[in-house]
Q: 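Please see the structure below; I have some questions.
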Amino acid sequence: MNDVKPRLVISTGAGMSAESGISTFRDSGGLWENYNVMDVASADGFARNPKLVHEFYNARRRDLLKALPNAGHLALRELEKYYDVYIITQNVDDLHERAGSSNILHLHGELMKVRTIEEPTRIYTLDEEHIETTPDSIDADGNHLRPHIVFFQEAVPNIERAIEWTQLADIFVVIGTSLAVYPAASLLHYVRRGVPVYYIDPNPAPVSADVTVIRKGASEGIAELTRILEENLRGE
Ligand code: OAD
């Protein structure tokens, strides 16, 4: 028996976590309807009013601690039985980790981590009892802490690795993203020619005709994708 598994690369956005009760950004009622993105999620905004930015991410952490992985996250974990699954996520939550997925790359940072402003390679994971940070929060050496989030106007350090993963995909899947934010949205351009591409989203952004769109929410859409992939595996 040949036990080399096909490589399934999955790019997820906020819609992946919507069924866990985490707000998306650009849907009606989404976070960017209630907050000015450049105030709370940009480098300039952080320089101007760090307190507001800390408060914004404190609130996101409180929401995250109330959330659980949904059936979609768990189904992606299950796909590891048949595929080498690589997840590239724009999400800063840890729901793919908590669902047990093995290979996860965060493009926009991680909510439960902070790093020091003075030495950005000093990264700390917050413990669940102490999730609140302020402009006065410091580490043991007196360095100031900031959210481990990629703000708008900052580089996306993991994009190179994400492109490498994408170029190696045998199957590529996009789930729950408006494809509005670059460079994440550009990953689709790095998929090799002939590789099947699926896009699961109840309100998908326009994509080229060779992408199979599954116009459903994440958990239902992933169940459908799993059926399609099973049929394809059996048909081979
Ligand atoms: P958006 O809020 O832009 O898009 C969310 C997508 O999820 C939309 O296409 C919705 O149709 C879809 N959606 C809603 N409910 C869904 C469900 N139950 N199942 C599946 N899909 C659903 O979020 P992103 O595209 O992830 O960055 O946003 C990208 C980046 O913009 C974020 O990472 C964040 C934001 O500003 C930073 O803050 C750095």
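Order of listing sets the numbers, starting from 1, for every ligand and every atom in it.
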Q: Does the residue Pro202 have a heavy-atom contact with ligand 1, meaning some pair of atoms that are separated by less than 4.0 Å?
A: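 So Pro202 counts as touching ligand 1.
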
Q: Determine whether Leu31 and Arg60 satisfy the following criterion, side chain to side chain contact (heavy atoms under 4.5 Å, CB included), listing intermediate values before the conclusion.
A: CA-CA 10 Å; Leu31 284 168; Arg60 305 284 70 75; 3.6 Å; yes

Q: So for ligand 1, is Val181 a polar contact partner (N or O within less than 3.5 Å, distance only)?
A: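 In fact, backbone or side chain, Val181 has no N or O that close.
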
Q: Taking the six-membered ring of Tyr124, is NZ or CZ of Arg122 closer than 6.0 Å to its centre and within 45° of its axis?
A: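 Relative to the ring axis of Tyr124, which defines the angle, Arg122 lies outside at least one limit.
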
Q: What about Ala218: any of its N or O atoms under 3.5 Å from an N or O on ligand 1?
A: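 Ala218 vs ligand 1: N/O contact under 3.5 Å present.
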
Q: Between Arg146 and Glu154, is the closest basic N to carboxylate O distance under 4.0 Å?
A: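 Salt bridge: yes.
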
Q: Atoms of ligand 1 less than 4.0 Å from Val150 heavy atoms?
A: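 Contacts of ligand 1 toward Val150, numbered from 1: 39 (C).
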
Q: Got the closest protein heavy atom to atom 14 (C) of ligand 1, with its distance?
A: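 The closest one turns out to be Asp27 OD2, 3.5 Å.
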
Q: Could you identify the single nearest non-hydrogen protein atom to atom 36 (O) of ligand 1 and state the distance to 0.1 Å?
A: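 Closest protein heavy atom to atom 36 (O) of ligand 1: Trp32 NE1, 3.0 Å.
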
Q: Can you say whether the rings of Trp32 and Phe25 are parallel (under 30°), tilted (30 to 60°) or perpendicular (over 60°)?
A: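 Aromatic pair Trp32/Phe25 classed tilted.
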
Q: State whether Arg48 and Asp39 are salt-bridged, where the test is any N-O pair (Lys NZ or Arg NE/NH1/NH2 against Asp/Glu carboxylate O) under 4.0 Å.
A: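 Salt bridge flag = yes for Asp39 with Arg48.
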
Q: Is Phe56 atom CZ crowded by more than 12 heavy atoms from other residues, nucleotides or ligands, each under 6.0 Å away?
A: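 Counting other residues, nucleotides and ligands, CZ of Phe56 exceeds 12 neighbours.
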
Q: If hydrogens are left out, which of Ile200, Asp201, Leu31 has an atom nearest to atom 11 (O) of ligand 1, that is, the closest non-hydrogen atom?
A: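 When every heavy atom of Ile200, Asp201, Leu31 is considered, Asp201 comes closest to atom 11 (O) of ligand 1.
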
Q: Going by distance only, is there an N or O of Gly15 that falls short of 3.5 Å from an N or O of ligand 1?
A: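 There is such a contact, yes.
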
Q: Which ligand 1 atoms are under 4.0 Å away from a heavy-atom of Gly13?
A: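 Once the distances to Gly13 are compared, the set is 26 (O).
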
Q: Identify the protein heavy atom lying closest to atom 28 (O) of ligand 1, giving its residue, its atom name and the separation to 0.1 Å.
A: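 Of the protein heavy atoms, Arg26 NH1, 3.1 Å lies nearest.
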
Q: For atom 32 (C) of ligand 1, grab the closest protein heavy atom and report residue, atom and distance to one decimal in Å.
A: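 Protein heavy atom with the smallest distance to atom 32 (C) of ligand 1: Phe25 CE1, 3.4 Å.
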
Q: Show, in sequence, the C-alpha distance, side-chain angles and deciding distance for Glu110 and Asp94, and conclude whether the side chain to side chain contact (heavy atoms under 4.5 Å, CB included) test is met.
A: CA-CA 7 Å; Glu110 293 176 70; Asp94 58 0; over 6 Å; no

Q: Decide, yes or no, whether a salt bridge links Arg62 with Glu132 under the criterion of side-chain N to carboxylate O below 4.0 Å.
A: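 Here Arg62 pairs with Glu132 in a salt bridge, since their nearest N and O are under 4.0 Å apart.
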
Q: So, is Tyr199 polar-close to ligand 1, with some N/O to N/O distance under 3.5 Å?
A: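 It does not: no N or O of Tyr199 is found under 3.5 Å from an N or O of ligand 1.
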
Q: Using heavy-atom distances, let me know which of Gln90, Glu154, His108, His106 sits nearest atom 27 (O) of ligand 1.
A: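 The nearest heavy atom belongs to His108.
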
Q: Give me the nearest non-hydrogen protein atom to atom 23 (O) of ligand 1 as residue plus atom name, then the distance to 0.1 Å.
A: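 Answer for atom 23 (O) of ligand 1: Ala14 CB, 3.4 Å.
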
Q: If the contact criterion is a heavy-atom separation under 4.0 Å, does Val37 count as touching ligand 1?
A: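 It does not; every heavy atom stays at 4.0 Å or beyond.
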
Q: Under 4.0 Å from a heavy atom of Thr177: which atoms of ligand 1 are those, numbered in the order shown and with their elements?
A: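 Those atoms are 6 (C), 9 (O), 24 (P), 25 (O).
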
Q: Are Lys51 and Glu55 within salt-bridge range, i.e. N to O under 4.0 Å?
A: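 Salt bridge: yes.
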
Q: Checking side-chain polar atoms at under 3.5 Å, does Ser42 have a donor or acceptor matched by the opposite partner on Asp44?
A: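 No - no donor-acceptor pair under 3.5 Å links their side chains.
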
Q: Just grab all the salt bridge (charged side-chain N to carboxylate O under 4.0 Å, His left out) pairs involving residues 182-198, residues at least two apart or on different chains.
A: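 Listed once each, the pairs are Asp170-Arg192.
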
Q: Write out the residue and atom name of the closest protein heavy atom to atom 37 (C) of ligand 1, then the distance separating them to 0.1 Å.
A: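 Looking only at protein heavy atoms, the one closest to atom 37 (C) of ligand 1 is Phe152 CE1, 3.9 Å.
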
Q: Does the side chain of His54 pick up a donor-acceptor pair with the side chain of Thr134 at under 3.5 Å?
A: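 Judged by distance alone, the side chains do not pair up.
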
Q: For atom 18 (N) of ligand 1, grab the closest protein heavy atom and report residue, atom and distance to one decimal in Å.
A: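 Ranked first by proximity to atom 18 (N) of ligand 1 is Glu19 OE2, 3.4 Å.
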
Q: Distance to 0.1 Å, residue and atom name: give those for the protein heavy atom nearest to atom 15 (N) of ligand 1.
A: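 Here the nearest protein heavy atom works out to Ala18 CB, 3.8 Å.
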
